[in-house]
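A quick write-up on the structure given underneath.
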2 protein chains.
Amino acid sequence: MTATYREIKADLLGQISGGRWPPGSLLPNENDLAQSYGCARATVNRAMRELAEEGIVERKRKAGTRVRMSPLREARFEIPLVRAEIEGRGAAYRYALVRRSQMSAPPWLRARLDLPPEAPVLHLECVHFCDDLPYQLEDRWINLTALPQAAKQCFDIQGPNEWLVQTVPYSDAQISFAAVGADPDVALQLGCAAGDALFQTERSTWWQGRAITFVRLLFQPGYRMSARY
Amino acid sequence: MTATYREIKADLLGQISGGRWPPGSLLPNENDLAQSYGCARATVNRAMRELAEEGIVERKRKAGTRVRMSPLREARFEIPLVRAEIEGRGAAYRYALVRRSQMSAPPWLRARLDLPPEAPVLHLECVHFCDDLPYQLEDRWINLTALPQAAKQCFDIQGPNEWLVQTVPYSDAQISFAAVGADPDVALQLGCAAGDALFQTERSTWWQGRAITFVRLLFQPGYRMSARY
DNA sequence: CAGTGGTCTAGACCACCAT
DNA sequence: TGGTGGTCTAGACCACTGC
């Protein structure tokens with residue numbers, strides 16, 4: 001007869017999706033639910049807190065717990081390392097550095113990363129191969145003021161992505177996805193036709209309030225990113 | 001000196017990103033941490049559980065809590081209703097139904113949704129406008145065996161998305177993003193050039209183990225989807 | 001087997017905020 | 001201002017799993 005928080009959560013979710021509490025309606029309070037499930041209030045609290053984190057219900061002190069009107073649901077995507085993504089499929093991974101240069105940050109990058117004028121940055125262009133076919137282009141910019149060690153790194157063998165992960169393990173990031181047409185230079189490097197639709201992700205990374213790096217990734221035509229939610 | 005779980009979580013995260021516990025290393029166990037923070041074990045447990053949910057650490061019974069080697073991090077994207085997305089920007093939203101037909105599910109759809117042969121489906125093609133410019137094309141397929149009510153719905157005024165949200169509020173879904181080139185028909189409807197790179201999302205939705213609907217959304221050129229993580 | 005995290009309890013105090 | 005959720009406690013038992 002002991003109800004676990006998982007059981008309570010599943011039961012509540014079943015009753016919500018079954019229509020017992022329609023969107024916008026009020027659920028009983030924690031004390032009443034605890035009594036009817038025959039458990040402690042903390043157990044009900046955990047079940048309802050998780051439903052709230054998942055966007056199913058909305059909780060307010062004094063106002064109680066309501067089923068959300070518009071299902072503000074979110075999808076979660078894993079952001080894998082390219083190497084892991086490719087090797088995880090049983091394919092061979094290869095990495096190549098195409099160009100490397102050090103310069104002052106161009107204006108568009110200064111705006112993105114909130115850098116001062118003349119900020120020194122390292123620019124890297126890399127290709128990641130899957131079974132010897134170009135899979136992903138990496139256009140990487142590293143803020144040398146925040147990460148001066150990067151200037152000494154050669155990046156011939158290890159890609160900047162993996163190096164950064166080791167060096168600055170846990171940081172904040174902003175990411176965006178878009179579709180772009182392949183320009184002739186990109187098409188040549190990816191082995192596709194100019195104008196092909198490519199999946200692009202851009203990511204800015206910050207650590208302790210300072211911009212670390214910006215990267216633009218272009219995937220081979222046909223790439224998909226998927227998730228359950 | 002009462003430490004809250006938020007403070008403990010922030011402190012642990014700070015020490016991890018500061019390098020005190022490098023990737024792969026073992027954190028103290030819950031009892032020791034509780035003692036050093038001067039709080040109950042449940043408080044430490046919640047802090048570390050949330051760090052685990054966020055992909056920062058990895059926990060195993062008996063083995064303890066370790067900082068993750070590869071930062072298996074995930075991005076969260078909100079999946080808004082088109083109407084909310086457009087009106088949220090202060091633009092005018094308009095919806096139009098372009099085509100509506102009832103038929104047996106074509107083979108590719110049967111495969112996607114695991115439908116039996118001859119399964120009746122409703123096919124809807126819609127356009128969502130933002131300030132009278134085409135913003136999103138919706139190519140919607142509804143399984144009439146699971147949702148016979150849909151056959152009686154006219155969908156002239158209310159789009160299928162909003163109707164479905166009201167009718168089947170909480171369901172499982174699989175979603176994927178890709179970049180595709182606009183074919184001539186799509187280009188005409190979106191008011192762009194044929195071949196333009198378009199952001200596409202596809203979603204299959206299930207409820208209680210049965211396929212409900214499949215939808216393919218095409219966005220106007222230049223659309224971006226973004227998130228923090 | 002023994003150590004670790006996973007969960008539950010019964011009670012308490014508090015912050016918030018709709019009425 | 002009273003009802004609601006948010007959090008913490010001290011203790012307990014259990015499940016898993018590396019040794």
Side-chain angles (χ1 to χ4, degrees), chain A residues 1-16 20-72 170, chain B residues 1-16 20-72 170:
Chain A
M1 171 56 231
T2 58
T4 71
Y5 85 92
R6 290 169 188 279
E7 288 163 351
I8 294 175
K9 187 176 157 188
D11 184 60
L12 290 173
L13 190 54
Q15 301 213 42
I16 288 172
R20 164 156 178 197
W21 293 298
S25 64
L26 190 64
L27 271 63
N29 69 33
E30 294 189 347
N31 273 317
D32 292 352
L33 282 175
Q35 197 164 4
S36 69
Y37 283 115
C39 68
R41 180 168 77 99
T43 307
V44 171
N45 179 277
R46 176 149 183 203
M48 302 201 25
R49 176 165 26 96
E50 293 197 357
L51 288 176
E53 280 165 5
E54 290 166 23
I56 310 292
V57 301
E58 202 168 7
R59 318 194 74 192
K60 271 189 212 150
R61 285 162 155 130
K62 166 71 177 179
T65 300
R66 290 179 180 280
V67 179
R68 289 197 95 108
M69 289 296 297
S70 64
L72 166 60
Y170 301 104
Chain B
M1 181 52 251
T2 58
T4 70
Y5 85 91
R6 290 169 189 280
E7 290 163 351
I8 294 174
K9 187 176 156 187
D11 183 60
L12 290 173
L13 189 53
Q15 300 212 44
I16 289 171
R20 166 158 178 197
W21 293 297
S25 65
L26 191 64
L27 272 63
N29 70 33
E30 295 189 348
N31 272 317
D32 292 351
L33 283 175
Q35 198 163 5
S36 69
Y37 282 115
C39 69
R41 179 168 78 98
T43 307
V44 171
N45 178 277
R46 177 149 183 203
M48 304 204 17
R49 177 165 25 98
E50 292 197 358
L51 288 177
E53 280 166 5
E54 290 166 22
I56 310 294
V57 301
E58 202 169 8
R59 318 194 74 193
K60 269 189 215 152
R61 285 161 153 132
K62 165 74 179 179
T65 300
R66 292 179 178 279
V67 179
R68 290 195 92 108
M69 290 297 296
S70 63
L72 166 59
Y170 300 104

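Below, chain A is the first sequence line, B the second, and so on; all start at residue 1. Keep in mind that what you see is a predicted model, and the values were worked out from it rather than measured.
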Whole Å only: how far is the CZ atom of A:Arg49 from the P atom of C:dC8?
-> 11 Å
Among B:Thr65, B:Asn45, B:Thr43, whose side chain to side chain donor-acceptor pair (under 3.5 Å) with B:Glu30 holds?
-> B:Asn45
Separation of D:dG5 P from A:Glu53 CD (nearest whole Å) = 16 Å
Considering only C:dC8, D:dG5, D:dT7, which nucleotide approaches the side chain of A:Tyr5 most closely?
-> C:dC8
Heavy-atom check, side chain of A:Val67 versus side chain of A:Pro22, under 4.5 Å = no
The side-chain contact (heavy atoms from CB on, under 4.5 Å) partners of B:Leu13 (sequence neighbours excluded) come to B:Leu51, B:Ile56
Do B:Glu58 and B:Arg68 pass the salt bridge (Lys or Arg N to Asp or Glu O under 4.0 Å) test, and can you show the C-alpha distance, the side-chain angles, and the key distance before you say yes or no?
-> CA-CA 6 Å; B:Glu58 202 169 8; B:Arg68 290 195 92 108; 3.8 Å; yes
Taking all atoms of both residues into account, what is the closest heavy-atom pair of B:Ile8 and B:Ala47, and its distance?
-> CG2-CB, 3.7 Å
When all nucleic acid strands are considered with a 4.0 Å heavy-atom cut-off, which category describes A:Asn31: base, sugar-phosphate, or nothing?
-> nothing
When you check the phosphate oxygens OP1 and OP2 of D:dG5, does a side-chain N or O of A:Thr65 lie under 4.0 Å from one of them?
-> yes
Measure all distances between protein nitrogen or oxygen atoms and nitrogen or oxygen atoms of nucleotides 10-17 of chain D, and list the pairs falling under 3.5 Å.
residue	atom	partner	partner atom	Å
D:dA12	N6	B:Arg41	NH2	2.9
D:dA15	N3	B:Arg61	NE	3.2

Separation of atom CE in B:Met48 from atom P in C:dT4, rounded to whole Å | 11 Å
Exercise: do B:Gln15 and B:Asp11 side chains pair donor with acceptor under 3.5 Å = yes
Taken to the nearest whole Å, CD/B:Gln35 to P/D:dT9 is 13 Å
When you check the phosphate oxygens OP1 and OP2 of D:dG6, does a side-chain N or O of A:Arg59 lie under 4.0 Å from one of them?
-> yes
Partners meeting side-chain contact (heavy atoms from CB on, under 4.5 Å) with A:Pro28 (sequence neighbours left out) | A:Trp21, A:Asp32, A:Leu33
Atom-pair distance (CZ on A:Arg46; C1' on C:dT9), nearest Å | 14 Å
What's the CG-P distance between A:Asn29 and D:dG2, to the nearest Å?
-> 17 Å
Take the protein atom CD1 of A:Ile8 and the nucleotide atom C1' of C:dT9, then report the distance between them rounded to whole Å.
-> 13 Å
Between atom CG in A:Leu33 and atom P in D:dT4, what is the gap in whole Å?
-> 11 Å
So which nucleotide from D:dG5, C:dC8, C:dG5 ends up closest to the side chain of B:Asn45?
-> C:dG5
Kindly say if B:Thr43 contacts the phosphate of D:dT7, meaning a side-chain N or O under 4.0 Å from OP1 or OP2.
-> no
